[in-house]
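Here's the structure, in structure tokens; my notes come after.
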Amino acid sequence: MTDGRIRVRFAPSPTGFMHLGNARTAVVNWLYARRHGGTFVLRIEDTDRERSTQEAVQVIYDSLRWLGLDWDEGPYLQSERFELYRRRAEELVARGSAYRCWCTTDELEERRKQALAEKRNPKYDGRCRTRTEPREGISPVIRFRMPDQGATAIQDLVQGEVVTPNEELDDLVLLRADGTPTYNFTVVVDDHDMAITHVVRGADHLSNTFRQVQLYRAFGWELPAFGHLSLILGPDRAKLSKRHGAVSVLQYRDDGYLPEAMVNALTRLGWSHGDEEVFAVEELVRLFDLPDVGKSPAIFDFEKLRNKYNAEHLKRADPGRLGGLLAATLERLGIARLAAGDPRLGLLIDGLRERSRTLVEMAEASRPMLVEDVAYDEAAVKKHLKAEAADVLRALAERISALSGFDRPALAKAVEELAAARGVGMGKVAQPARVALTGTAVSPPIDVVMAVLGRDRVLRRLESGARKAAG
RNA sequence: GGCCCCAUCGUCUAGUGGUUAGGACGCCGGCCUCUCACGUCGGUAACCCGGGUUCAAAUCCCGGUGGGGUCGCCA
């Protein structure tokens, strides 16, 4: 169960927001490390200096922290390790496994286009493999000499055995003309240097893996285990991308989702545990394992995240913690500022957690009970604040003002007793009261509404409602 | 186009040769009820197609079809 030697890493490139696919990869790596008592390493792959930004690095930290995925090592920044990669590249050149190439990007682009037009494989033709003299005014790249015979096989923890012919692999660039290293090179050097035992990433990297395997061999390094997770697809069945909208992890935080719901939903793509669907993070740590992950791609079901995972985790979350989150949401939405210990928070959580699917919904549902003025819904007024309701509301106000306590049981009792005294059902009292108190026909139980509002507001709103009903 | 991967309700999935093909989200209806929810009961809906193998195939094999990934001096 515990293997301290297991080392996994999450190695995103900081080129924008962190989307659900990256998040899933991070979650799986983290769960795998935690389950096996291993080490979770964070490495930022910022070798592309054009596209990498400091803000995007911050987004990665924020996203991981929000999800609760703490890392044991790092963050390592590849941009701080360029000298190391350069030395490694020269090492390969010295061994004859890599060579300098003076072809320009324009030339390559031209050949690629032509190959595609002739329906040939657009791989590098290897014309610089034997060239030794430089070309005037062109700084060369360093290319890896890929074997062009045979085949490369990998044993993948998720995908099983996958084999590809080596003629598919072309001589990839290790170092660009400006001396900076490329992804396929740094990933191998770093995974080796950082003693990564399990490389777990998205299946979009599967075809790169064959190239990387050849790099490991050229260096004479031991291979890590690989696990390629099938991709998360958008509703159109294409790889999840910006086009699909609402795919940034932090967007879910802002939309009122709980991180554990997110982790739960992401983990359940391709993985299951009998008929159980809702898991606490600790349960996932105990139950989740890589070999149990299926390999068919999955479409992320945004509706189920909301209706099932988030709704369920909202019901299970600690009320105190939820109170804090709700307070923050109320403030952010400009609805109200409630102090941490405000007793209304507890009442709102009790009254709303089972009727809300997100924190934002909860905050919006709290609004009528927290703001100064009642916003009357015309249909609700028309239906429930009829002439005969005026009397009921005044009678209720009378009972409320006579109350010595102002807690939920006392308030519920006041409403029940009024209904009984009048020989009518609860609905005849509670519905007009609900509209008078909140302006709408839908709210948490009436005792909760009154407890949150407080005596003064209740009496004031009951009177306003009565006047409105009387016409 | 080459190479690689995938294929059970609309979606996430259970299933590992013999099941009335199960669960969940959604949708529809009943019950509960101060509204809305929650809960609960019931319904709707799937094994991509074609060949094999076998007494028996959603399960194994082959082919097809469909979908996806990848083919950068991006990661």
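Remember, it's a predicted structure, so these values are computed and weren't measured experimentally. Proteins get letters first, then strands, A, B, ... in listed order; numbering begins at 1 in each.
Considering only the side chain of A:D204, B:G69 comes nearest among B:U13, B:G69, B:C4. Checked against B:A24, B:C5, B:G72, the side chain of A:K308 finds its nearest nucleotide in B:A24. Which of B:C73, B:C34, B:G23 sits closest to the side chain of A:D275 comes down to B:G23. The side chain of A:S13 approaches B:A75 more closely than any other nucleotide in the set B:A75, B:C5, B:U35. Here B:C3 is the nucleotide among B:A75, B:C3, B:A7 with the atom lying nearest to any side-chain atom of A:P165. Comparing atom distances between the A:E277 side chain and each of B:A75, B:C4, B:A24 picks out B:A24 as nearest. The side chain of A:V141 has B:C73 as its nearest neighbour among B:C73, B:G69, B:A75.
Between the CZ atom of A:R268 and the P atom of B:U11 there is a distance of 15 Å, rounded to whole Å.
Separating the C1' atom of B:C60 from that of B:U53 is a span of 8 Å, rounded to the nearest Å. Remark: the separation of the C1' atoms in B:U59 and B:A21 is 11 Å, to the nearest Å. A gap of 23 Å separates the P atoms of B:U44 and B:A37, to the nearest Å. Across B:U16 and B:C47, the matching C1' atoms stand 14 Å from one another, rounded to whole Å. Separating the C1' atom of B:G22 from that of B:U8 is a span of 11 Å, rounded to the nearest Å. Taking atom C1' in both B:G15 and B:C34, one finds a spacing of 46 Å when rounded to whole Å. When the P atom is compared between B:A45 and B:U11, the two are found 16 Å apart, to the nearest whole Å. When the P atom is used for both B:C31 and B:G66, the distance is 49 Å, rounded to whole Å.
Proximity of A:R201 to the phosphate of B:A75: no side-chain N or O atom is located under 4.0 Å from OP1 or OP2. Distances shorter than 4.0 Å separate none of the side-chain N or O atoms of A:S296 from OP1 or OP2 on B:C5. Within the 4.0 Å cut-off from OP1 or OP2 of B:C71, not a single side-chain nitrogen or oxygen of A:S207 is found. An OP1 or OP2 oxygen of B:U13 is reached within less than 4.0 angstrom by no side-chain nitrogen or oxygen of A:K304. For the OP1/OP2 pair of B:G2 and a distance below 4.0 Å, the side-chain nitrogens and oxygens of A:R112 include no atom meeting the criterion.
Within residues 228-236 of chain A, the residues having any heavy atom closer than 4.0 Å to RNA chain B are, in order of number, A:L231. Residues from residues 76-91 of chain A lying near RNA chain B, meaning a heavy-atom separation below 4.0 Å, are absent.
At the heavy-atom level, A:D48 lies under 4.0 Å from the strands shown only through sugar-phosphate atoms. If you check every strand for non-hydrogen atoms under 4.0 Å, A:A298 touches sugar and phosphate atoms only.
Remark: B:C34 base-pairs with no nucleotide; criterion is Watson-Crick or G-U wobble with both hydrogen-bond distances under 3.5 Å.
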Atom pairs under 3.5 Å, N or O on each side, protein against nucleotides 39-41 of chain B: can you list them with distances?
| from | atom 1 | to | atom 2 | distance (Å) |
| --- | --- | --- | --- | --- |
| B:G39 | OP1 | A:K315 | NZ | 3.4 |

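Put simply, the side chain of A:R355 and the base of B:C36 share a donor and an acceptor less than 3.5 Å apart.
Between A:Y252 and A:F302, the two ring planes are parallel [angle under 30°; tilted spans 30° to 60°].
Of the options A:Q214, A:E168, A:Q212, a side chain to side chain donor-acceptor pair (under 3.5 Å) to A:T152 is made by A:Q214 and by none of the others.
If you take CG on A:L69 and CG on A:N29, they are separated by 10.0 Å, rounding to the nearest 0.5 Å.
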